[in-house]
Colleague: 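Encoded as structure tokens, here's the structure I'll be asking about.
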Amino acid sequence: MANKEITSREDDYSKWYIDIVQKANLADYSAVKGCMVIKPWGFAIWENIQGQLDKMFKETGHVNAYFPLFIPKSFLSKEADHVEGFAKECAVVTHHRLMNNPDGSGVVVDPSAKLAEELIVRPTSETIIWNTYRDWINSYRDLPLLINQWANVVRWEMRTRLFLRTAEFLWQEGHTAHATQQEAVEETKLILNLYADFVEQYMAVPVIKGVKTANERFAGADDTYTIEALMQDGKALQSGTSHFLGQNFAKAFDVRFLNSENKQEYVWATSWGVSTRLMGALIMTHSDDDGLVLPPKLAPTQVVIVPIPKPTDEINEAAQKIISELRGKGISVKYDNDKKKRPGFKFAEHEMRGVPVRIGIGKRDLEKNQVEVARRDTKEKQSLPLEGIADAIQQLLENIQNNLFEKALKFRKEKTTKVDTWEDFQKVLKEKGGFILAHWDGTTETEVKIKELTKATIRCIPLDNEQEKGTCVLTGKPSKQRVLFAESY
RNA sequence: CGGGGCGUAGCGCAGUCCGGUUAGCGUACCUGCUUUGGGAGCAGGGGGUCGCAGGUUCGAAUCCUGCCGCCCCGACCA
């Protein structure tokens, strides 16, 4: 069926990505420019991401709250770097009422309903939150304050891509307040590690942890920590950030506390977030030309059972038995007993949607007390005995999870290159892509120059970076460590 | 904001250059029969403000003018 076919990665990577998103029923374009509709299958994956992260946040002492969608315009300008970073992409609410157009052609904005102060649709919530924290924090006994919110935010982007960059997106944003600098820095790193663990262990996407250069830092942060993943086309995707905000927002919003010595101090802050962009990382890391490939730990349905060629009493009975065994082990399973679709159609459909394991049950299988088990990641099929099937499937799901991570890690290793000359830098970037480890003289001028010349940016300075004397790949000036370059999304 | 492309049935498209039957094809959908271990076959059927608004013309999906929308590439960004 032509309309179900996916553009191959080789032909057009960008088109391939869009095909997967749409044909695997993850998301669709909406009537609003730059905004997408997240469809049930895509949203179910996001819910799994949310569920696990939320659990991890709570295990580390964080609690959820909710702050307003609208931010008074004046708030945004209180932190100079912050406003500079976000001003260019803010949606602004100016009126609060519509009226019938006198000419009868529908409704128009009622000019008499102009807001006294315009409201910004939050691009991020630091300002409204710190304005609130001022009232909540009086003493060191109120600290630390460890709050997260799940929310939507709006950033009016010039150009959008499904999941990777949309005008509105879903995310979580943590905002914490601490009595000491050290504690805030520790919080920033705690979350960075939490993100890295989640992305690697649940999404099966290997990441490099690092710190951003001054140039790439979050607007208003003293330090931005990041996890960077490598996509199949050799481009990097920033997958989560954790910011040490110093006392910048505390000073801007006058958030002080009395320490144990009865002295006023400004509090130390962090903020951190991951967004529905993670969906993009998930899709681009594992999927193939047959569709989406999902890691078992995040798949809304881990196992699908397909009766071959159609459900009979005998097959239904065998399927029900397997279903209850699998569910007993906490494995999510769907029995696709739709009589109107043929097996081949179902196979293709579930492969498109990335269901990790498919069990086929036919008369011939049952005669031999076995079923056909197919794994999505390698597309291998094998016959397994009904006896002990649940254990075997559980094992298989673990194998798939591990295989996806290992495969992605191997790919990243192959696509990570150390280069020492400017010629090699350009050549590797152009011909091979991926991550490049190279020396850099530490100046923003050089960083910007390299970006102008090659489109590559410094993704991060990897943590625990090996210290190694060298010379900057562009300027030849001395450098004491390599940094991670790549073209990025 | 610059460059490119597109707008015709739910989806994907042809038809537009060079105006002229009842606007067509694939797929999806509905009905029936036959099929059924990798996206079934045959037959019949329903579904259209040809993006919008003007204009030219006996006649416009097609020509002219204006507008709107979306996608892709680039600058900006999670």
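The structure displayed is predicted, hence computed values, not measured ones. Per chain, numbering begins at 1; letters A, B, ... match sequence-line order.
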Colleague: Can you find a donor-acceptor N/O pair under 3.5 angstrom joining the side chain of A:Glu372 to the base of B:G38?
Modeller: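 Under the 3.5 Å cut-off, the side chain and the base do not form any donor-acceptor pair.
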Colleague: What heavy-atom pair brings A:Ala24 and A:Trp41 nearest, and what distance separates the two atoms?
Modeller: O-CD1, 3.2 Å
Colleague: In the structure shown, which nucleotide is the Watson-Crick or G-U wobble counterpart of B:U21, with both distances under 3.5 Å?
Modeller: none
Colleague: Need one value for A:Tyr29: base, sugar-phosphate or nothing, where a base atom within 4.0 Å counts as base even if backbone is also close, heavy atoms only.
Modeller: sugar-phosphate
Colleague: Taking atom P in both B:A61 and B:G54, compute the distance separating them and give it to the nearest angstrom.
Modeller: 15 Å
Colleague: Taking the P atom in each of B:C67 and B:U31, what is the distance between them to the nearest angstrom?
Modeller: 48 Å
Colleague: Measuring only the P atom in each nucleotide, how far is B:G24 from B:G15? A whole number of Å is fine.
Modeller: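 To the nearest whole Å, 16 Å.
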Colleague: Let me know the distance between CH2 of A:Trp156 and C1' of B:A78, rounded to the nearest Å.
Modeller: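 Spelled out: CH2 on A:Trp156 to C1' on B:A78 is 17 Å.
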Colleague: Any base atoms under 4.0 Å from A:Gln238, or only sugar-phosphate, or nothing? Heavy atoms, all strands.
Modeller: sugar-phosphate
Colleague: If each of A:Thr276 and A:Ile308 is mapped to the nucleotide of RNA chain B with the nearest heavy atom, which maps nearer the 5' terminus, i.e. the 5' end?
Modeller: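 Going by which nucleotide is closer to the 5' end, it is A:Ile308.
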Colleague: B:C70 P sits how many Å from A:Gln22 CD, rounded?
Modeller: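 The answer, rounded to whole Å, is 15 Å.
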Colleague: NA contact type, A:Thr166, heavy-atom cut-off 4.0 Å: base, sugar-phosphate, or nothing?
Modeller: base
Colleague: Could you measure between the two P atoms, the one in B:G45 and the one in B:C25, and give it in whole Å?
Modeller: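 Approximately 12 Å lies between the P atom of B:G45 and that of B:C25.
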Colleague: In terms of side-chain heavy atoms of A:Phe169, which of B:C76, B:G38, B:A78 is nearest?
Modeller: B:A78
Colleague: Have a look at A:Arg358 and say if it touches a base, only the backbone sugar-phosphate, or nothing, with a 4.0 Å heavy-atom cut-off.
Modeller: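 The residue A:Arg358 makes base contact.
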Colleague: By the 4.0 Å heavy-atom rule, please label A:Lys381 as base, sugar-phosphate, or nothing.
Modeller: base
Colleague: Please give, in whole Å, the distance from B:A78 C1' to A:Gln172 CD?
Modeller: 12 Å
Colleague: For the side-chain contact (heavy atoms from CB on, under 4.5 Å) test, which of A:Ile283, A:Asp290, A:Asp289 pairs with A:Ser287?
Modeller: A:Ile283
Colleague: What integer number of Å spans the C1' atoms of B:G19 and B:C50?
Modeller: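 Approximately 15 Å lies between the C1' atom of B:G19 and that of B:C50.
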Colleague: Between B:G37, B:G39, B:C76, spot the one nearest the side chain of A:Asp365, thanks.
Modeller: B:G37
Colleague: Counting only Watson-Crick or G-U wobble pairs whose two distances fall under 3.5 Å, which nucleotide matches B:A61?
Modeller: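 By the stated definition (distances under 3.5 Å), nothing pairs with B:A61.
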Colleague: Taking only side-chain nitrogens and oxygens of A:Lys23, does any of them come within less than 4.0 Å of OP1 or OP2 of B:G12?
Modeller: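 No, because none of the side-chain N or O atoms of A:Lys23 sits under 4.0 Å from OP1 or OP2 of B:G12.
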Colleague: Do A:His243 and A:Thr224 get their side chains close enough for a donor-acceptor pair, meaning under 3.5 Å?
Modeller: yes
Colleague: Side chains of A:Trp16 and A:Ser8: closer than 4.5 Å at any heavy-atom pair?
Modeller: no
Colleague: With a 4.0 Å cut-off on heavy atoms, is A:Ile18 in touch with a base, just the backbone sugar-phosphate, or nothing at all?
Modeller: sugar-phosphate
Colleague: For residues A:Tyr202 and A:Asn48, is any side-chain donor paired with an opposing acceptor at under 3.5 Å?
Modeller: no
Colleague: Is the closest basic N to carboxylate O distance between A:Lys212 and A:Glu228 below 4.0 Å?
Modeller: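 A:Glu228 and A:Lys212: salt-bridged.
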Colleague: Indicate, yes or no, whether a donor-acceptor pair under 3.5 Å links the base of B:G37 to the side chain of A:Arg342.
Modeller: no
Colleague: So, for A:Thr132 and A:Ile128, which heavy atoms are closest and what is the spacing to 0.1 Å?
Modeller: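 It is OG1-O, 2.7 Å.
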Colleague: Heavy atoms under 4.0 Å, any strand shown: does A:Thr124 hit a base, just sugar-phosphate, or nothing?
Modeller: nothing
Colleague: Send over the distance from A:Glu84 CD to B:C76 C1', rounded to a whole Å.
Modeller: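 Computing the A:Glu84:CD to B:C76:C1' distance gives 13 Å.
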Colleague: Looking only at side-chain atoms of A:Lys455, point me to the closest of B:G74, B:G37, B:C76.
Modeller: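 The closest nucleotide is B:G74.
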Colleague: Pairing check on B:C76: which nucleotide meets the Watson-Crick or G-U wobble criteria with it, both distances under 3.5 Å?
Modeller: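 Here B:C76 is not engaged in any pair, so there is no nucleotide opposite it.
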Colleague: For A:Phe435, does the six-membered ring have the charged nitrogen or CZ of A:Arg459 within the cation-pi criterion, i.e. under 6.0 angstrom from the centroid and within 45° of the normal?
Modeller: no
Colleague: Whole angstrom is fine here: how far is it from CG in A:Asn152 over to P in B:A78?
Modeller: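 Spelled out: CG on A:Asn152 to P on B:A78 is 18 Å.
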Colleague: Mind calculating the distance between NE2 (A:His243) and P (B:C77) to the nearest angstrom?
Modeller: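 Distance, rounded to whole Å: 14 Å.
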Colleague: Contact class for A:Lys363 (heavy atom, under 4.0 Å): base, sugar-phosphate, or nothing?
Modeller: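 A:Lys363: base contact, heavy atoms under 4.0 Å.
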Colleague: Return the nearest nucleotide to the side chain of A:Arg364; candidates are B:C76, B:G38, B:G37.
Modeller: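 For the A:Arg364 side chain, the nearest candidate turns out to be B:G37.
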Colleague: Counting Watson-Crick and G-U wobble pairs only, both distances under 3.5 Å, name the nucleotide matched with B:G39, or none.
Modeller: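 Check on B:G39: unpaired, no WC or wobble geometry under 3.5 Å.
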Colleague: Between B:G48 and B:G32, how many Å separate the two C1' atoms, rounded to a whole number?
Modeller: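 About 27 Å, rounded to a whole number of Å.
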Colleague: Could you give the distance separating B:G12 and B:C71 at their P atoms, to the nearest angstrom?
Modeller: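 It comes out at 13 Å once rounded to the nearest Å.
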Colleague: If B:U27 has a Watson-Crick or G-U wobble mate with both distances under 3.5 Å, name it; if not, just say none.
Modeller: B:G10
Colleague: Please give, in whole Å, the distance from B:U27 C1' to A:Glu349 CD?
Modeller: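 My rounded result for the distance is 14 Å.
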Colleague: Restricting to non-hydrogen atoms, name the atom on A:Lys346 and the atom on A:Asp338 that form the minimum distance, rounded to 0.1 Å.
Modeller: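 That would be NZ-O, 2.8 Å.
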Colleague: If we call it a pair only when both distances are under 3.5 Å in a Watson-Crick or G-U wobble match, what pairs with B:C70?
Modeller: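 Here B:C70 is engaged in a pair, and the nucleotide opposite it is B:G5.
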Colleague: Mind checking who B:U56 pairs with, Watson-Crick or G-U wobble, both distances under 3.5 Å?
Modeller: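 The base-pairing partner of B:U56, which may sit in any strand shown, does not exist here.
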Colleague: Checking base pairs now: Watson-Crick or wobble, both atom distances under 3.5 Å. What partners B:U16?
Modeller: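 Answer to the pairing question: none, since B:U16 forms no Watson-Crick or G-U pair.
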Colleague: For a quick check, tell me whether the side chain of A:Lys310 and the base of B:G37 share a donor-acceptor pair closer than 3.5 Å.
Modeller: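 Such a pair does not exist between side chain and base.
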Colleague: In terms of the nearest nucleotide of RNA chain B, which residue is placed more toward the 5' end: A:Arg161 or A:Glu157?
Modeller: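 Nearest-nucleotide comparison on RNA chain B picks A:Arg161.
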Colleague: Give me the distance, rounded to whole Å, that separates B:U16 from B:U62 when you measure between the P atoms they each carry.
Modeller: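 About 12 Å, rounded to a whole number of Å.
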Colleague: Please report, rounded to the nearest Å, how far the P atom of B:A75 is from the CZ atom of A:Arg165.
Modeller: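 My rounded result for the distance is 11 Å.
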Colleague: What contact category does A:Glu351 fall into here, base, sugar-phosphate, or nothing, at under 4.0 angstrom with non-hydrogen atoms?
Modeller: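 A:Glu351: base contact, heavy atoms under 4.0 Å.
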